[in-house]
Amino acid sequence: MHSLHRKITIAIDGYSSCGKSTLAQALAKRLQYIHIDSGAMYRAVTLYFMRHNINLADLQEVQDALEKIAIYLTFENDLQVTWLNHENVDAAIRAPEVNLMVSPVATLPAVRRAMVAQQQRMGEGKGIVMDGRDIGTVVFPHAELKLFLTADLEVRVERRWLELQEKGISISREEVKTNLLERDHIDSTREDSPLRKAEDATIIDTSYLTPKEQLQIAYELARSTVDSIRIA
Ligand code: CDP
């Protein structure tokens, strides 16, 4: 049997714009796994909250809103499509306004409980690569392979700026940088599931690696993880 037929769970965490989703997507494709970008789910909740002017300080209002939200993920040519109550919100959730609001929304325990429960259900069958902030620590603490991505701030700013340019969103590098720093701060200092490296995660600094090189490193790690499980 090909050694990769045994499916594992792969958790990829890290700061904003380190290339998590790009790597997770490519790795899942190579392994014929599912890729879930968990950040898209927090972004979809944020979009709903913004559209309905939900007061984040009013926990009852937050809870009531969560009950009205259904987030679905589908896949087109291996790419995730994010649905919020039957609406394809893929473009809307990447807007700069959502970038400004998503981290405060993601601090709310009620929001996290709902998202984590759904993510854990999606991972029940293994064969999944999920990227986010708390995947190796909270969502899949028993994941067989955990990666923690880092990259220099300037590199991250340039990558995110280019990504937004390509989508026709005009924004200065300074604004991008401010947003990344602010989100990193909120994400790593929040009380509920802060962003941190799981003790057993492998760090990959993506600053000077091409996407292809990152994929090669991650793929080798996945392969040796599967092999070590088979031998054990
Ligand atoms: O793509 P980028 O790195 O900018 O962010 P993302 O992965 O789309 O996540 C957007 C935001 O959602 C993050 O800044 C976190 O506040 C939140 N998030 C989270 O709290 N937990 C996750 N597992 C994933 C995202």
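By convention here, the first residue in the shown sequence is residue 1. Atoms within a ligand are numbered from 1 in the order they appear, just like the ligands themselves. This structure is a prediction, so every number in the text was calculated from the model and none was measured.
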If you count only heavy atoms, which residues are under 4.0 Å from ligand 1? S16, S17, K20, S38, G39, Y42, R43, R94, V102, S103, A106, R112, G132, R133, D134, I135, R160, R183, D187, R190
Ring pair (Phe, Tyr, Trp, His ring centres under 6.0 Å): which pairs involve residues 51-73, sequence neighbours left out? Y48-H52
Taking D37 first and then R94, would you say they form a salt bridge - that is, a charged N and a carboxylate O separated by under 4.0 Å? yes
Worked check of side-chain hydrogen bond (donor to acceptor under 3.5 Å, both in side chains) between R159 and S17: CA-CA 7 Å; R159 284 182 187 158; S17 286; over 6 Å; no
In this structure, which one of R112, R196, R190 forms a side-chain hydrogen bond (donor to acceptor under 3.5 Å, both in side chains) with D134? R112
Show every salt bridge (Lys or Arg N to Asp or Glu O under 4.0 Å) that has at least one partner inside residues 168-177, sequence neighbours left out. E154-K177, E158-R173
Salt bridge (Lys or Arg N to Asp or Glu O under 4.0 Å) pairs, two or more places apart, involving residues 201-221: E220-R223
